[in-house]
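Taking it in order: structure first as structure tokens, then the write-up.
For the numbers below, each heavy atom of this structure counts, side chains included, while hydrogens, waters and symmetry mates do not.
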Amino acid sequence: MATFSGIFVASAIVFSFFGIIITYAALFSSLQQTLLINSSPSQGQVLQAGEAQVTITWSLNNSYPTGTDSNYKTVNVKLCYAPVSQLDRGWRKSNNNLKKDKTCQINLVTMPYKPSNNNFTWTIHKDVPTATYFIRAYVYDSTDEVVAYGQTTDAHKKTNLFKITAITGRHITIDVCAACFSVFSIISLVGFYFVEKRKAVKISQRK
């Protein structure tokens, strides 16, 4: 009986330990918004994937007490989906549990933390899908845990949003060439028609 009790207690401790590991995850609502972030696109601006660039700058919000950033080590800047581009798309759904959150899926850059003079220019990748976006940066401590953040939009994610248009696979040069060939085909067809008609007239005159 004593052996059984010991096994039961040990199992309970083990399962409790794993339960803590499984359930523990940083919650977005628990993070301090200590970074001030700005990006170059204006509200509602449309950018072309594979061509346009986005410049991002960030710094510590000095309204927080001195030493707030004493444990900050790295900053990870991400491209994030705005609510309008998350609607009916479960694979982009926001979640307060950051391990389950799918708002920010595209990494732009990871850099060592500095309280000021941070900037990065990102050329939009060709495979970025058409959607409305904003920029968010997560701050990590020395244990690689998320401890703070900053974003270019407001809490409701309605301001400072911009749109990226994906590459469709067609290029303007292709469209111009296609139009030229279409015109050439029409001209050739009309020319062929008149040549054949002239030949028919000549044959009828010989008769």
For [Y], is there any backbone N or O sitting under 3.5 Å from a side-chain donor or acceptor partner on [X]?
| X | Y | result |
| --- | --- | --- |
| D141 | D144 | yes |
| D101 | N95 | yes |
| Q105 | K78 | no |
| T159 | D154 | yes |
| S85 | T132 | yes |

Is any side-chain heavy atom of [X] closer than 4.5 Å to a side-chain heavy atom of [Y]?
| X | Y | value |
| --- | --- | --- |
| P115 | D69 | yes |
| Y72 | Y140 | no |
| Q48 | I167 | yes |
| I135 | V77 | yes |
| L35 | V139 | yes |
| Y133 | I164 | yes |
| V146 | N76 | no |
| L47 | T165 | no |

Spatial distance of atom [atom1] ([X]) from atom [atom2] ([Y]) [nearest 0.5 Å]:
| X | Y | atom1 | atom2 | result |
| --- | --- | --- | --- | --- |
| I106 | D127 | CD1 | CG | 7.5 Å |
| L79 | C104 | CG | SG | 8.0 Å |
| L98 | S30 | CG | OG | 7.0 Å |
| N118 | L60 | CG | CG | 10.0 Å |
| S29 | N97 | OG | CG | 10.0 Å |
| E51 | K126 | CD | NZ | 9.0 Å |

At their closest point, which heavy atom of [X] faces which heavy atom of [Y], and how far apart are they?
| X | Y | result |
| --- | --- | --- |
| F162 | S39 | CE2-OG, 4.4 Å |
| S40 | Q53 | OG-O, 4.1 Å |
| R92 | A131 | NH1-CB, 4.0 Å |

**Report entry** Same apolar cluster (I L V M F W Y, side chains within < 4.5 Å links), V147/L36
**Finding:** no

Requested in this report: Answer with yes or no whether the hydrophobic clustering places M111 together with Y113; edges join I, L, V, M, F, W, Y residues whose side-chain heavy atoms lie under 4.5 Å apart.
Outcome: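 The answer is yes; both residues are in one hydrophobic cluster.
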
Query raised in the report: With distance as the sole criterion, is a donor-acceptor pair present between the side chains of T68 and Q32 under 3.5 Å?
Result: no

Query raised in the report: Just checking, is any N or O donor in the side chain of T152 or N160 under 3.5 Å from an acceptor N or O on the other one?
Result: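 Per modelled atom types, T152 and N160 side chains form no pair under 3.5 Å.
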
Query raised in the report: F134 and Y81: aromatic ring centres closer than 6.0 Å?
Result: no

Report task. Starting from the C-alpha separation in whole Å, work towards a yes-or-no answer on side-chain hydrogen bond (donor to acceptor under 3.5 Å, both in side chains) for T121 and T55. Result -> CA-CA 4 Å; T121 298; T55 298; 3.0 Å; yes

Query raised in the report: More than 12 non-hydrogen atoms from neighbouring residues, nucleotides or ligands closer than 6.0 Å to CG on N107, yes or no?
Result: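 Buried by this count: over 12 neighbours within 6.0 Å.
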
Report task. Let me see the working for I37 and I56 under side-chain contact (heavy atoms from CB on, under 4.5 Å), right down to the final yes or no. Result -> CA-CA 7 Å; I37 303 182; I56 306 119; 3.8 Å; yes

Report task. Quick one: do N61 and T34 satisfy side-chain hydrogen bond (donor to acceptor under 3.5 Å, both in side chains)? Show the steps, please. Result -> CA-CA 5 Å; N61 185 343; T34 59; over 6 Å; no

Query - Verdict with supporting geometry, V75 and W58, side-chain contact (heavy atoms from CB on, under 4.5 Å) - result: CA-CA 10 Å; V75 176; W58 67 95; 3.8 Å; yes

Query raised in the report: Parallel, tilted or perpendicular: which describes the rings of Y149 and Y138, with under 30° parallel and over 60° perpendicular?
Result: tilted

Query raised in the report: side-chain hydrogen bond (donor to acceptor under 3.5 Å, both in side chains) between Q86 and S94: does it pass, once the steps are laid out?
Result: CA-CA 8 Å; Q86 293 176 297; S94 294; 2.9 Å; yes

**Report entry** Worked check of side-chain contact (heavy atoms from CB on, under 4.5 Å) between R136 and F28
**Finding:** CA-CA 12 Å; R136 178 183 289 168; F28 182 75; 3.6 Å; yes

